2 protein chains.
Amino acid sequence: MDVTKEPHDLENTDCQKVSQVLARVGEKWSILIIMLLNSGPRRFTEIRRAVNGISQRMLTLCLRGLERDGLVKRTVYSVMPPRVEYELTPLGQSLTEPVIALGTWARDHIKEIDAARAAFDGTTDSP
Amino acid sequence: MDVTKEPHDLENTDCQKVSQVLARVGEKWSILIIMLLNSGPRRFTEIRRAVNGISQRMLTLCLRGLERDGLVKRTVYSVMPPRVEYELTPLGQSLTEPVIALGTWARDHIKEIDAARAAFDGTTDSP
DNA sequence: CGGTATCCCTAATGATACTG
DNA sequence: CAGTATCATTAGGGATACCG
C-alpha cells in the first residue's frame, strides 16, 4: 500500500480501501464466519451453532454482507426442508491469508496489549 | 462473546484474538490514524485535519483506545498553548506490517469486491 | 430449515458549549 | 490547543413472531 502521500490526502488514499475491507472484516462476526468457512462449506444452522451467541438476524445480515462483497457463495437447494450452504469464494479464501497474518500478530502480541490495557486502566482508574 | 463451548466450535482459537484486534483496527478511524502516524508523530489538530470528517470527540476517544492498547504514545508538552503529540509505539509500528498486508490485499482485490457488490445489488434491486 | 418483518432498547456518534 | 461535558439523534442489535 502507498502511504507516502501527504497527510491531507489521507481521505483519497488506499487507506479508504483498507478501511472498507476492515469495516467488513472487523464486524464482530465476519472474521469468525470466514475462518469457519475456511475449513469447508457449512449450512446456515451449522454456522449458527458454531458461532456461539450470534442471533439469527445478525447471521443473516452478516452472511448477506459477505455474499455481497463476493467473499462467500450462497447455494440454495430446492428441497424440503430447505437446505442452504455457504462457502468461501476464491476471493474469500485469498482473504484468509492476510487475516491469518493479522491473527498471528494478535496471538504474538495479545499479552502486550493486555498488559498495556491493565497499565492504562491502573493509571487512570483512581477511585 | 462466548464461544467456549464445544470443541468443534470456534472457541479457544486465535479467532477471538483476531476478533479483538480487528475490533480495534476495524474501527472506522483507527486504521487511518495508525497509517498516518506511521509516517511520523502528529499533533491532535494535525490528525484531525488529516483524517477528514472525524469529530473532535471521536478523535479523542479513538486515540485513547489506541493509547490504552499500547499502540500509540501520547506526549504532553506543558506549554501555552498546549501541545500534545501522538506517535506509534514499537507495538503500534509492528501492527502496521500485517495491516499493510491486508491493505495490499484490499488494493489488489477492491475491483473484484466492487464488481461483486454491483452484481449483487443489480440482482437484488428490482423495483 | 432458513429466513423476513417488527418492535424496542441501548450503544455509538455528531453537534454544541465550555475549560485549563 | 486540546480537550471535557452534555444533549439529541441515529444506527446496531436482541427478542419475538410469522412465512415459504
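Every chain is numbered from 1 and lettered A, B, ... according to where its sequence line falls, protein lines coming before strand lines. All values derive from a computational prediction rather than experimental measurement.
Atom pair B:Arg43:CZ and D:dC1:C1' shows a separation of 7 Å (rounding to whole Å applied). Distance NZ (B:Lys28) to C1' (D:dG12): 15 Å, rounded to an integer number of Å. What separates CD1 of A:Ile54 from P of D:dG12 is a distance of 15 Å, to the nearest Å. D:dG14 atom P lies 12 Å from atom CG of A:Asn52, rounded to whole Å.
In this structure, B:Thr89 contributes its side chain and B:Gly70 its backbone to a donor-acceptor pair below 3.5 Å. Checking side-chain atoms of A:Thr60 against main-chain N and O of A:Gln56 turns up a donor-acceptor pair under 3.5 Å. At least one donor-acceptor pair closer than 3.5 Å links the side chain of A:Thr104 to the backbone N or O of A:Ile100. Between the side chain of B:Gln93 and the main chain of B:Pro90, no donor-acceptor pair closer than 3.5 Å is present.
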*Please walk me through it: do A:Val72 and A:Leu37 pass side-chain contact (heavy atoms from CB on, under 4.5 Å)?*
CA-CA 9 Å; A:Val72 162; A:Leu37 294 182; 3.8 Å; yes

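Projected onto DNA chain C by closest heavy-atom contact, B:Leu61 and A:Pro81 fall at different nucleotides, the more 5' of which corresponds to A:Pro81.
Closest non-hydrogen pair, B:Ser30 versus B:Cys62, comes out as OG-SG, 3.4 Å.
The line from CH2 of B:Trp105 to CD1 of B:Ile113 is 4.0 Å long, rounded to the nearest 0.5 Å.
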*asked:* How would you summarise protein contacts on nucleotides 15-20 of chain D per nucleotide, using B for base, S for sugar-phosphate only and - for none, with heavy-atom distances below 4.0 Å?
replied: B----B

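When heavy atoms are screened at a 4.0 angstrom cut-off, A:Tyr86 is found touching the sugar-phosphate backbone but no base atom. No engagement by A:Arg48 is indicated, since no non-hydrogen atom pair under 4.0 Å with the nucleic acid exists.
Chain A approaches DNA chain C over the interval C:dC1 to C:dT6, counting the first and last nucleotide 5' to 3' with an atom under 4.0 Å from its heavy atoms.
Taking a cutoff of 4.0 Å between a charged side-chain nitrogen and a carboxylate oxygen, A:Arg83 and A:Glu85 qualify as a salt bridge.
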